[in-house]
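For reference, the structure is listed below as structure tokens.
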Amino acid sequence: MGWIKGEGEIEDSYKISKIAAHVPDLVVYSTLTNDIPYAENFHGVLLFADVSGFTNLTEKFSLSSKKGYGADELTRTLNSYIGEIVSHILDAGGDILNYAGDAILALWTVERVQLSEVISLVVKCSLNIQDQCGVRETEVGCQLKVKIGISAGKLSKVTVGDEISQYFVVIGRAVDEVRLAEGLAVASAIILSPNAWELCERDNIAIDPIENERAVKVRYIKREPSFSVEKYQDSIGTSVEHDKVTRGTVTRV
């Protein structure tokens with residue numbers, strides 16, 4: 001006879017799932033038995049999306065909104081915009097690692113041999129973001145735009161702390177390169193870092209070179225990625241259903 005969970009256990013399981021939905025998969029599915037500190041090495045593709053227009057939007061709301069309502073309207077506008085970007089990332093199998101003000105860092109963990117295929121998947125996701133969220137008009141006449149950097153390669157998750165509190169950080173060349181790529185991007189652009197361009201399916205991604213740089217600007221993708229989102233998710237075995245709206249809000253910053 002099978003074991004049936006009691007009502008309290010079901011409720012606890014539900015609460016845990018809701019909490020886990022706000023935590024990066026890299027933490028949810030990590031090993032908890034290692035001695036601290038420790039490091040885990042893996043390969044992955046990083047996407048760094050940075051929203052521009054935030055400063056102008058803040059100034060516009062502060063001048064045009066009713067007294068006491070400007071901050072709420074600003075939060076709702078920015079939450080809605082970032083929430084849409086996050087939804088595209090989650091739909092493509094990405095894992096939100098961190099919010100940094102008006103920027104988002106996302107990760108696709110992958111086996112080394114699948115890096116080129118997953119880079120195409122992330123490029124497709126980035127193109128969708130630019131198509132749907134590249135330029136957003138706001139009610140105060142200010143535009144929000146997003147610029148995106150993509151990198152790929154070997155990464156390390158370093159965990160420090162003690163039995164009560166633990167903290168993690170992701171380090172590696174790919175982290176440095178994704179910030180470099182995003183720094184080279186202008187609004188509405190997608191930049192592949194040197195390592196991502198070296199590892200990707202070059203015959204499938206149309207690009208423009210950047211003068212004096214090894215990074216490149218993405219123009220379009222020629223055909224649908226051969227590695228589907230479903231195939232990618234099956235390969236990593238994640239099962240946490242993320243609350244897209246809540247994970248997309250700036251209240252998590």
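These figures come from a predicted structure and were not determined experimentally.
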Problem set entry | Close side-chain approach of Ile85 to Ile89, heavy-atom, < 4.5 Å | yes
Problem set entry | Side-chain heavy atoms of Leu121 within contact of Val45, under 4.5 Å | no
Problem set entry | Value rounded to 0.5 Å, distance of CZ in Arg214 from CD in Glu198 | 6.5 Å
Exercise. If two hydrophobic side chains count as joined below 4.5 Å and joins carry through other members, does Leu90 share a cluster with Val110?
Worked result: yes
Problem set entry | Pairwise distance CD1(Ile119) to CG(Leu115) - rounded to 0.5 angstrom | 5.5 Å
Exercise. Should Gln130 and Val146 count as side-chain neighbours, where that means a heavy-atom distance under 4.5 Å?
Worked result: yes
Problem set entry | Heavy-atom side-chain proximity of Glu182 to Val178 below 4.5 angstrom | no
Exercise. What's the verdict on side chain to side chain contact (heavy atoms under 4.5 Å, CB included) for Ile205 and Val216, showing C-alpha distance, side-chain angles and the deciding distance?
Worked result: CA-CA 11 Å; Ile205 301 175; Val216 298; over 6 Å; no
Seminar exercise, completed: To the nearest 0.5 Å, atom OG1 of Thr109 lies from atom NZ of Lys157 at 11.0 Å
Problem set entry | Check ion pair Glu84-Arg136 (N to O, under 4.0 angstrom) | yes
Exercise. Can you name the one residue among Val218, Val123, Ile191 that meets side-chain contact (heavy atoms from CB on, under 4.5 Å) with Ile150?
Worked result: Val123
Problem set entry | Side-chain heavy atoms of Val170 within contact of Leu26, under 4.5 Å | yes
For this session: Give a yes or no on whether Val160 and Phe168 share a hydrophobic cluster (residues Ile, Leu, Val, Met, Phe, Trp, Tyr; joining criterion: side-chain heavy atoms under 4.5 Å apart).
Result: no
Exercise. If you round to the nearest 0.5 Å, how far is CD of Glu117 from OH of Tyr232?
Worked result: 12.5 Å
Problem set entry | Crowding at CD, Glu111 (>12 non-hydrogen neighbours, <6.0 Å) | no
Exercise. If you take all heavy atoms of Gln233 and Gly93, which pair is closest and at what distance?
Worked result: NE2-CA, 3.9 Å
Problem set entry | Minimum heavy-atom distance between Val158 and Ala39, given as atom pair plus value | CG2-CB, 4.2 Å
Seminar exercise, completed: On a heavy-atom basis, the closest approach of Cys133 and His88 is SG-CD2, 4.0 Å
Exercise. Just wondering, do Leu199 and Ser116 contact through their side chains at under 4.5 Å, heavy atoms?
Worked result: no
Seminar exercise, completed: Nearest heavy-atom contact between Ser235 and Phe227 is OG-CZ, 4.1 Å
For this session: Supply the atom-to-atom distance Ile190 CD1 to Ile148 CD1, rounded to the nearest 0.5 angstrom.
Result: 5.0 Å
For this session: Answer yes or no: does atom NZ of Lys222 have more than 12 heavy-atom neighbours from other residues, nucleotides or ligands under 6.0 Å?
Result: yes
Problem set entry | CG-OG1 distance between Asp35 and Thr159, expressed to the nearest 0.5 angstrom | 12.0 Å
Seminar exercise, completed: Here the pair of heavy atoms bringing Trp197 nearest to Leu192 is CE3-CD1, 4.0 Å
Problem set entry | Within 6.0 angstrom of Arg179 CZ, more than 12 heavy atoms from elsewhere | no
Exercise. Has the side chain of Asn56 got a donor or acceptor atom that lies under 3.5 Å from a matching backbone atom of Cys142?
Worked result: no
Exercise. Do the side chains of Asp25 and Ile236 get nearer than 4.5 Å, heavy atoms only?
Worked result: no
Exercise. Any donor and acceptor pair, going by atom type alone, linking the side chain of Asp208 with main-chain N or O of Arg219 inside 3.5 Å?
Worked result: no
Exercise. Among side-chain atoms of Glu177 and Ser151, is any donor-acceptor pair under 3.5 angstrom?
Worked result: no
Exercise. Honestly curious: do Leu47 and Ile207 fall in one hydrophobic cluster under the side-chain, below-4.5 Å linking rule?
Worked result: yes
Exercise. What closest approach, in Å, do Glu40 and Phe42 show between heavy atoms, and which atom pair accounts for it?
Worked result: O-CD2, 3.7 Å
For this session: Apply side chain to side chain contact (heavy atoms under 4.5 Å, CB included) to Ser80 and Thr77, showing your working.
Result: CA-CA 5 Å; Ser80 175; Thr77 300; 6.0 Å; no
Problem set entry | Candidate pair Lys154 and Arg173, rule side chain to side chain contact (heavy atoms under 4.5 Å, CB included), full reasoning | CA-CA 7 Å; Lys154 186 177 179 180; Arg173 176 182 171 185; over 6 Å; no
Exercise. Are any side-chain N or O atoms of Asn195 and backbone N or O atoms of Ala152, one a donor and one an acceptor, separated by less than 3.5 Å?
Worked result: yes
Problem set entry | Hydrophobic cluster identity match, Leu184 and Leu46, side-chain contacts under 4.5 Å | no
Exercise. Is any side-chain heavy atom of Ile36 closer than 4.5 Å to a side-chain heavy atom of Asp162?
Worked result: no
Problem set entry | Leu180 vs Ser193, side chain to side chain contact (heavy atoms under 4.5 Å, CB included): CA-CA, chis, key distance, verdict | CA-CA 7 Å; Leu180 168 67; Ser193 74; 5.9 Å; no
